[in-house]
Amino acid sequence: MMTDHHHHEFLGFMTTGPSFGVPEWVWRWIAAPKPKVDSLGRPKVATYGLRKIEAALIDAGFNAAVVDPDHISKHLDTMKVLMIGHHDFFAYGPPSSEWWTITGREPFNRVSFRRFMESPAVREAKRRGVKIIVGGPAAWQWLWSTDEWKKWGVDTVIDGEAERVVSEIVDRAIKGQELPDYIYVGPYDTPATADEIPKIKHASVNGLVEIMRGCPRGCKFCSVTLRPWRFIPVDDVISEIKVNMSEGEKGIILHSEDVLLYYADGIKPRPEGLIKLHTAVRQLTDEPIGWSHASLAAIKYAEDNHKLISKLTEIMFSSEKQRYLGVEVGVETGSVKLARKIMPAKSAPYPTEKYPEVVEDAFAIMHEHNVIPAATLIIGQPGEEPDDVVATTELVEKLRPYRSLIVPMFFVPMGAFKNMEWFRRNMVRPEHVELLRATLRHSAYWARDIVDRFYLKGTRYLLVRAAIKWIIGYIERKAEEAARAVEQRGA
């Protein structure tokens, strides 16, 4: 799925579900429109991870380029290695697995990837001896998809930050040497410092640039916490923004697992580095600045101790082109008991006992400053009990006054994908249904407000806005039907 989501990152969430109530081509047009490409099929923009691998290979002397999947047939005569990255190859990650669980239908990202791997172009490339190497954040999914691994002729899976290892593997592939089936890139094989991370050569989707890698919070459900913590200097961030601008990409998304921990004092945000970064970006351009992720505890601490959300939004909103800021945040649970088990540092520097209050305070701060969060919940974590789900539902109800989208995600055991009906029948409990209803009421209400007041403005997005509102209503109706079916089954 090579796409820029109409320059609106949140639309990318739609690719994680099946098409609802509209033909698939309409769903694709809304969620994943194709980018412009040159005569060789090289897209104007590509995902940041692919751009990093492309840069690492170019720096190592290889003739490497990102090519739109629809155009790889143009390179069959010269291609030696086909490298494929994906955020969610088989839809095993969130929220794809949740949509799959609820609807029983394969998500669009899974369907589109299978079509690509079984396309005439990929089959012909393999027939000609092209080596296929896959990686990216969803590389782990191949360990649960060995039938496809074999059927599609994947030679090597690289799991982890690949910049330091990828050139050696590609060199071996080109020389026809034996390749390992699977490479896990551990902490000692990842780039140890920012100097070892290559700078992108071409534009990234929606102007995303990395400011930090790693996270110190240690949540049990997240692999990012296993990686070393590295800060990208302001000058290097600005350098990549200039690359994007030089190729016509106007937006900027500052990417980190927690933007507010940029040059922080442990898990306590500090103003200096963040103000320096945002000031430098705003002086460079008046285009909107976005954040990829932030933690709720950091948002509360930053504002309570430094008025930092106020200061940063004042810098960003000094441009007439920016009226709001979108960001992904993780609520995960409203249960203090469960939070202690799975994410004891999520609320730090505040005590875990205060976590629900931290969440509500952070949402209030964001609402006041036109920061619109897309928040995740994790349902069905090991050790979860009915009272944990009830506590989460109560927290969602308390968040109703604050503009936001809340996305519940099931913790789905990998074996459950072999029998999704069994999972729906045995794992989706009545208390889960009430939580899903609460999140749907919340998100549907605020989604309409966001579309009307902030998102997809202008006449060119008129049809997209209308389609999204229709889909919201359709999902509301279908979700209520599914909820009643679960209740009747348990009666």
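Predicted model, so just to flag it, every value in this text is computed and none were measured.
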Answer yes or no: are there more than 12 heavy-atom neighbours, outside His306 itself, under 6.0 Å from its atom NE2?
yes
Pro349 side chain reached by Tyr301 side chain, heavy atoms, under 4.5 Å
yes
Apply salt bridge (charged side-chain N to carboxylate O under 4.0 Å, His left out) to the pair Glu397 and Arg441, showing each step before the final yes or no.
CA-CA 10 Å; Glu397 297 290 359; Arg441 285 194 299 266; 3.0 Å; yes
Identify the residue among Leu260, Ile253, Val329 that makes a side chain to side chain contact (heavy atoms under 4.5 Å, CB included) with Trp291.
Leu260
May I ask you to decide whether Arg42 forms a salt bridge with Glu54, counting only side-chain N to carboxylate O separations under 4.0 Å?
no
Ring-plane angle category for Trp100 and Tyr92, please: parallel below 30°, perpendicular beyond 60°, tilted otherwise.
parallel
Heavy-atom side-chain contact between Val243 and Lys201 under 4.5 Å
no
Under 4.5 Å between any side-chain heavy atoms of His7 and Glu249, yes or no?
yes
Flag side-chain contact, heavy atom, 4.5 Å: Glu385 against Asp388
yes
Are Ile299 and Val371 packed together at the side-chain level, in the sense that at least one heavy-atom pair is separated by less than 4.5 angstrom?
no
Going from CD on Gln283 to OG on Ser318, what distance comes out if it is rounded to the nearest 0.5 angstrom?
9.5 Å
How far does CG of Leu338 sit from NZ of Lys341, to the nearest 0.5 angstrom?
6.5 Å
Given side chain to side chain contact (heavy atoms under 4.5 Å, CB included), test Ile232 with Glu240 step by step and report yes or no.
CA-CA 11 Å; Ile232 312 299; Glu240 291 200 331; over 6 Å; no
Classify the side-chain pair Arg110/Gln141 by whether it contains a donor and acceptor separated by less than 3.5 Å.
no
Before giving the answer on side chain to side chain contact (heavy atoms under 4.5 Å, CB included), spell out for Leu50 and Met83 the whole-Å C-alpha distance, their side-chain angles and the decisive distance to 0.1 Å.
CA-CA 9 Å; Leu50 290 181; Met83 308 187 73; over 6 Å; no
Between Ile211 and Val259, does a side chain to side chain contact (heavy atoms under 4.5 Å, CB included) hold up when you go through it step by step?
CA-CA 8 Å; Ile211 66 170; Val259 167; 3.9 Å; yes
Tell me, yes or no, whether the heavy-atom count around Asn63 atom CG, taken from other residues, nucleotides or ligands under 6.0 Å, exceeds 12.
no
Can you name the closest pair of heavy atoms from Tyr262 and Leu274 and give their distance?
CB-CD2, 3.8 Å
Run the side-chain contact (heavy atoms from CB on, under 4.5 Å) test against Pro198 and tell me which residues pass, sequence neighbours left out.
Ala55, Ala56, Asp59, Glu163
When you measure from the centre of the six-membered ring of Tyr445, is the NZ or CZ of Arg400 closer than 6.0 Å and no more than 45° off the axis?
yes
Is Tyr263 close to Glu272 at the side-chain level, that is, under 4.5 Å between some pair of heavy atoms?
no
Out of the candidates Glu247, Lys44, Arg51, only one should pair with His202 under the side-chain hydrogen bond (donor to acceptor under 3.5 Å, both in side chains) rule; please name it.
Glu247
salt_bridge(Glu257, Arg217) N-O dist < 4.0 Å
no
Donor-acceptor pair between Thr16 and Asp88 side chains, under 3.5 angstrom
no
Heavy-atom distance under 4.5 Å between the side chains of Ile450 and Ile372, does that happen here?
yes
Less than 4.5 Å apart, any side-chain heavy atom of Ile84 and any of Phe116?
yes
Look at atom NZ of Lys34 and say whether more than 12 heavy atoms of other residues, nucleotides or ligands are closer to it than 6.0 Å.
yes
Do the side chains of Asp286 and Lys321 get close enough for a salt bridge, i.e. N-O under 4.0 angstrom?
yes
Is a donor from one side chain sitting under 3.5 angstrom from an acceptor on the other, for Ser310 and Glu303?
yes
Please determine whether side chain to side chain contact (heavy atoms under 4.5 Å, CB included) holds for the pair Val67 and Leu40, giving the CA-CA distance in whole Å, both sets of side-chain angles, and the decisive distance to 0.1 Å.
CA-CA 8 Å; Val67 175; Leu40 296 177; over 6 Å; no
Could you verify whether a donor N or O on one side chain and an acceptor N or O on the other, from Glu328 and Ser292, lie under 3.5 Å apart?
no
Ring centroid separation for His255 and Tyr48, is it under 6.0 angstrom?
no
Closest heavy-atom pair, Ala264 versus Lys268, reported as atoms and distance to 0.1 Å, is CB-O, 3.3 Å
Salt-bridge criterion met for Asp387 and Lys337 (N-O under 4.0 Å):
yes
So, are Glu314 and Lys311 salt-bridged, with charged N and O less than 4.0 Å apart?
no
